[in-house]
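Okay, so here's the structure we're looking at.
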Amino acid sequence: MPSNTIDHAFTARQSLGAAADPTYAGALSFMRRRFTKEVDGAGAVVWGLPFDAAVSNRPGARFGPQAIRRASAIFDNDPQYPFGLDLFAALAVIDYGDCLFDYGYPQDVPAIIEAEAAKIIGAGAFLVSLGGDHSVTWPLLKAHAARHGAPLALVQFDAHQDTWPDDGKRIDHGAFVGRAVREGVIDPARSIQIGIRTHAPEDCGIRMLYGHEVEEMRAKDIAEAVTDHVGDIPAYITFDIDCLDPAFAPGTGTPVAGGPSSARMLSVLRQLGRLDIVGADIVEVAPAYDHADITAIAGASVAMHYLGLLAERKQR
């Protein structure tokens, strides 16, 4: 039964169970999960990465974790659609808060993220990270590959390939995929990008479903293309919110017209339960450019779908 207290994020005594906070009040953790740094016993951890010093266009994704948490209050603890489950009946989920770093030393941030992520997943929890710009995925991939074995399959929802060349030292939200391929962190032959609507100098051997192709495909066909291509190796999902058309996600730093709807991409996520997903993130939500929390709601829904897939897996 749901708790009968308000501010569930602070008053909850355990990580299981729904909250009863009204959608318009109460402490705003992700889906009202208990705020704690105690990871032991948690099946999943939600963690914010408020970093956007690596953007190439509009800044503001440092406010993404706040916006996603705020938007997640709309999930009012009925059985979550489309899973038909109380996600927290058996799946213990905590909100770990945000990553701490000194904004004056952006070059130190990737190592800080990697070390803290390694600590969280080393305790046995599934990590759902809330960005932040897309550069945060690079240290997250390294931490997950160290835990689950390299190379991982990368399932990337994005308008951009993020394979632009770099020297291995730059902090850039558009270069992490190429670096991950070169350093053997991901397997390009088992990785796939969905919704791409730009061209980069190289594709690194990764399969792409371009925006115009996605437009002609059913969600079921997209999901089957992903699951068939990835197969049974450990997979990491990264969802750049600019995968969606700006009509559905205006609040992002590098919007690209011609993308899919939130309905279609959420339907694709819903059908990825066959994958061995070992970690996931949602990045590039920049609420300063949003309208009526459209983008934040989409981002929160992506993160909720990650937890839904995990809850189903635990139930099986």
Side-chain angles (χ1 to χ4, degrees), residues 6-12 15 19 21-37 42 44-55 57-77 87 93-104 106 109-110 112-113 116-117 120 127-137 139-140 173 238-244 246 248-255 262 280-307:
I6 199 167
D7 296 321
H8 187 267
F10 298 109
T11 59
S15 300
D21 301 53
T23 58
Y24 51 83
L28 292 173
S29 61
F30 185 78
M31 290 184 72
R32 311 290 190 179
R33 293 303 85 204
R34 185 168 64 103
F35 270 125
T36 180
K37 299 296 185 185
V45 171
V46 179
W47 186 36
L49 303 173
F51 179 79
D52 65 358
V55 298
N57 195 32
R58 305 187 301 196
R62 67 183 59 187
F63 299 107
Q66 287 182 350
I68 292 170
R69 287 186 175 103
R70 183 175 66 250
S72 75
I74 64 171
F75 302 124
D76 59 359
N77 295 305
L87 304 188
V93 181
I94 65 167
D95 191 322
Y96 193 79
D98 288 344
C99 183
L100 176 65
F101 52 81
D102 187 335
Y103 68 87
V109 172
I112 292 170
I113 293 173
E116 192 75 2
I120 294 169
L127 180 58
V128 175
S129 301
L130 314 177
D133 70 46
H134 219 160
S135 71
V136 304
T137 301
L140 291 170
H173 73 159
T238 182
F239 198 115
D240 187 325
I241 204 67
D242 70 27
C243 173
L244 306 180
F248 305 95
T252 193
T254 314
S262 53
D281 65 49
I282 169 69
V283 298
E284 299 283 357
V285 172
Y289 315 107
D290 210 356
H291 172 71
D293 287 338
I294 293 172
T295 314
I297 291 168
S301 298
V302 168
M304 183 273 285
H305 274 63
Y306 294 152
L307 296 179

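Between the Asp21 side chain and the Asp7 main chain, a donor and an acceptor come within less than 3.5 Å of each other. At distances below 3.5 Å, not a single donor-acceptor pair connects side-chain atoms of Tyr24 with backbone N or O atoms of Ala73. Between the side chain of Asp133 and the backbone N or O of Ala61, no donor-acceptor pair lies under 3.5 Å. Panel note: side chain Ser15, backbone Ala42; no donor-acceptor pair is recorded below 3.5 Å.
Counting only heavy atoms from C-beta outward, the side chains of Trp47 and Ser129 approach each other to under 4.5 Å. A heavy-atom distance below 4.5 Å is found between the side chains of Ser301 and Phe75. Two residues are said to be in side-chain contact when any heavy atoms from C-beta on lie closer than 4.5 Å; Met31 and Val93 fail this criterion.
Residue Ser135 comes nearest to Ala54 through the heavy atom pair OG-CB, 3.5 Å, listed as atom of the first residue, atom of the second, then distance. When all heavy atoms of Ile112 and Cys99 are compared, the closest pair comes out as CG2-SG, 3.8 Å. Residues Ala44 and Leu307 approach most closely at CB-CD2, 3.8 Å, considering heavy atoms. In terms of heavy atoms, Ala303 sits closest to Ile282 at CB-CG2, 4.3 Å. A pairwise comparison of heavy atoms in Ala27 and Phe10 identifies CB-CE1, 3.4 Å as the closest pair. Taking both residues in full, the closest heavy atoms of Arg32 and His8 are given as O-ND1, 2.7 Å, listed atom of the first, atom of the second, then distance.
Interatomic distance, OG of Ser72 versus CD1 of Ile297, reported as 10.5 Å (0.5 Å rounding). Taken from OG1 in Thr137 to CZ in Phe239, the straight-line distance is 12.5 Å, to the nearest 0.5 Å. Between atom CZ of residue Arg34 and atom OG of residue Ser29 there is a gap of 11.0 Å, rounded to the nearest 0.5 Å. If you take OG1 on Thr252 and CD on Glu284, they are separated by 5.0 Å, rounding to the nearest 0.5 Å. Note: Phe30 CZ to Leu130 CG = 6.5 Å, rounded to the nearest 0.5 Å. Here the CD atom belonging to Glu116 is positioned 9.0 Å from the CG atom belonging to Leu100, to the nearest 0.5 angstrom.
Applying the side-chain hydrogen bond (donor to acceptor under 3.5 Å, both in side chains) criterion to Asp98, with sequence neighbours excluded, gives Arg69. Residues forming a side-chain hydrogen bond (donor to acceptor under 3.5 Å, both in side chains) with Thr295 (at least two apart in sequence, or on another chain): Asp290. Take Ala53 and apply the side-chain contact (heavy atoms from CB on, under 4.5 Å) test, not counting sequence neighbours, and it matches Phe51, Pro106. Annotation: ring pair (Phe, Tyr, Trp, His ring centres under 6.0 Å) contacts of Tyr306 (sequence neighbours excluded): none. Here Thr36 pairs with nothing under the side-chain hydrogen bond (donor to acceptor under 3.5 Å, both in side chains) rule; sequence neighbours left out.
Between the side chains of Thr254 and Asp242, no donor-acceptor pair is found at a separation under 3.5 Å.
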> Does the side-chain contact (heavy atoms from CB on, under 4.5 Å) test come out yes or no for Leu127 and Leu140, once each step is laid out?
Replying inline: CA-CA 9 Å; Leu127 180 58; Leu140 291 170; 4.1 Å; yes

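For residues 57-66, the pairs satisfying side chain to side chain donor-acceptor pair (under 3.5 Å) are Asp52-Arg62, with sequence neighbours left out.
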